[in-house]
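A short write-up of the structure that comes next.
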Amino acid sequence: MLQKPAQLLSRVPRRAWRLIFRIGLALIIIPLLLQWVVAYLVGSDARILPPQLLAAKNLLIVTAHPDDECLFFSPSILGVLDRNRGINGGLLVMSTGNNYGIGETRKKELIGSCKALGINEKRCVAIDHQDLQDNPTVWWDTELIKTLVHDTVKKWEIDAIITFDSGGVSGHINHRAVSAAVSDYAASNPAAPVAFTLTTTSLLRKYTFLGDLPLTVLPFVWRIIAALSFPTSTADPKDGNRALVANTWRRYLMTRDAFAQHASQYTWDRHLYMIVSRYVWFNDLKRVERAAGKAEN
């Protein structure tokens, strides 16, 4: 005869229960502690947030659709803009998100999101081009994207870019096309500013709230220890290849406010996303390497 679950649980030794409790407590406390350390204590250290971002005068975020900026990039946007009040933030969105015929609505919502994130609405642009329409089955023209990015870089005197990596965070084909274009532009054009890409993780890691932070922090452990011991505003060039940015509680609330501007996209699952997704709490970025023989900007 099968035993009832309660009977099986009663047979677990108290020592095992204590061990389970301690492990569970550690799984809660360690990520919270790391978030606090990165967001409040070492977030401005040059070994954690490279000077190429922290000291930039004109930052450009390049995305595919309206709402990408707060679903994925808000820790980076707010982490840089909040620490450098002299920086001008800019957002270049490659489409209006018109897949369901509400592109004009989403453009207006984007302006509200930019204001909530501290980006001037004059530098908050959604492109409406016939070859760059929101479509989850179409690979966009990367040469066109590179041209648009290059023109924006010149117009706004951009000296740092943040965009998707090759995985596009969600795997969306439009995200990946933006990554391919911007990464190639940054790697191959000697006049291009430094560019960083947002790391894509597995689906399981993506939706673990802060649970993924200990794993994400691993490449930064010695940098964090050094930052806690000897804070600095300068860094070894090799430390400028990666960045880790975490939202404070205030910046997390700003993220929620920014996404609330996208009323047409605020469905029940997005409510849940704004709690459990790692991308609203922290970002880890990697610098795009210059192609061999190309001069550094």
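For the single chain, residues carry numbers from 1 onward in sequence order.
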> Is atom NZ of Lys286 surrounded by more than 12 heavy atoms (other residues, nucleotides or ligands) closer than 6.0 Å?
Replying inline: no

>> So, using side chain to side chain donor-acceptor pair (under 3.5 Å) as the criterion, who are the partners of Thr197 when residues are at least two apart?
In response: none

> When you measure from the side chain of Asp68 to the backbone N and O of Ala64, does any donor-acceptor pair fall under 3.5 Å?
Replying inline: yes

>> Taking the ring centre of each residue, are His172 and Phe164 less than 6.0 Å apart?
In response: no

> Does one hydrophobic cluster hold both Leu203 and Tyr279, with members joined at side-chain heavy-atom distances below 4.5 Å?
Replying inline: yes

>> Between Lys107 and Asp128, is the salt bridge (charged side-chain N to carboxylate O under 4.0 Å, His left out) condition met? List the steps.
In response: CA-CA 10 Å; Lys107 283 175 66 175; Asp128 187 7; 5.3 Å; no

> For the residue pair Trp140 and Asp131, what are the closest heavy atoms and their distance?
Replying inline: CD1-O, 3.7 Å

> Would a 4.5 Å heavy-atom cut-off, applied to side chains only, mark Ser264 and Tyr100 as touching?
Replying inline: no

> Given Phe282, which of Asn247, Asp212, Val38, Val217 fulfils the side chain to side chain contact (heavy atoms under 4.5 Å, CB included) condition?
Replying inline: Asp212

> So, the side chain of Thr163 versus the backbone of Val62: is there a donor-acceptor pair under 3.5 Å, distance only?
Replying inline: yes

>> Enumerate the side-chain hydrogen bond (donor to acceptor under 3.5 Å, both in side chains) contacts for residues 31-55, please, sequence neighbours excluded, ordered by first and then second residue.
In response: Ser44-Arg83, Asp45-Arg47

> Just by distance, do the side chain of Asp165 and the backbone of Thr200 share a donor-acceptor pair under 3.5 Å?
Replying inline: yes

> Nearest heavy-atom pair of Ile87 and Leu53: which atoms, and what distance?
Replying inline: CD1-O, 4.2 Å

>> If you define the side chain from C-beta out and look only at heavy atoms, does anything of Lys206 sit under 4.5 Å from Val169?
In response: yes

> Between the main-chain N or O of Asp67 and the side-chain N or O of Glu69, is there a donor-acceptor pair closer than 3.5 Å?
Replying inline: yes

>> side-chain hydrogen bond (donor to acceptor under 3.5 Å, both in side chains) for Asp269 and Thr267? Distances and angles first, verdict last.
In response: CA-CA 6 Å; Asp269 56 311; Thr267 54; 2.4 Å; yes

> Would a distance-only check, ignoring hydrogens and angles, find a side-chain to backbone donor-acceptor pair under 3.5 Å from Tyr273 to Leu71?
Replying inline: yes

> Do Leu41 and Val221 belong to the same hydrophobic cluster, where Ile, Leu, Val, Met, Phe, Trp and Tyr are linked whenever their side-chain heavy atoms lie under 4.5 Å apart, directly or via other members?
Replying inline: yes

>> Looking at every non-hydrogen atom in both residues, tell me the closest pair between Ala186 and Ala195 and how far apart they are.
In response: CB-CB, 3.5 Å

> Of all heavy-atom pairs between Trp139 and Ala180, which one has the smallest distance, and what is that distance?
Replying inline: CZ2-CB, 3.8 Å

>> Here's a test for you: under side chain to side chain contact (heavy atoms under 4.5 Å, CB included), which of Val182, Asn174, Thr63, Leu148 qualifies with Met94?
In response: Leu148

>> Applying side chain to side chain donor-acceptor pair (under 3.5 Å), can you list everything that pairs with Ser179, at least two apart in sequence or on another chain?
In response: none

>> Between Gln133 (side chain only) and His129 (backbone N and O only), is there a donor and an acceptor less than 3.5 Å apart?
In response: yes

> Between the main-chain N or O of Ala246 and the side-chain N or O of Arg251, is there a donor-acceptor pair closer than 3.5 Å?
Replying inline: yes

> In a check of side-chain hydrogen bond (donor to acceptor under 3.5 Å, both in side chains) between Arg278 and each of Thr199, Thr216, Asn283, which one passes?
Replying inline: Thr216

> Between Ser113 and His262, what is the shortest heavy-atom contact and its length?
Replying inline: CB-NE2, 3.3 Å

>> Looking at Asn84 and Leu54, would you say the former's side chain and the latter's main chain have a donor-acceptor pair under 3.5 Å?
In response: yes

> What are the two closest heavy atoms between Gly97 and Asp134, and how far apart are they?
Replying inline: CA-OD2, 3.5 Å

> Looking only at atom types and distance, does a side-chain atom of Asp159 sit under 3.5 Å from a main-chain N or O of Pro193, one as donor and one as acceptor?
Replying inline: no

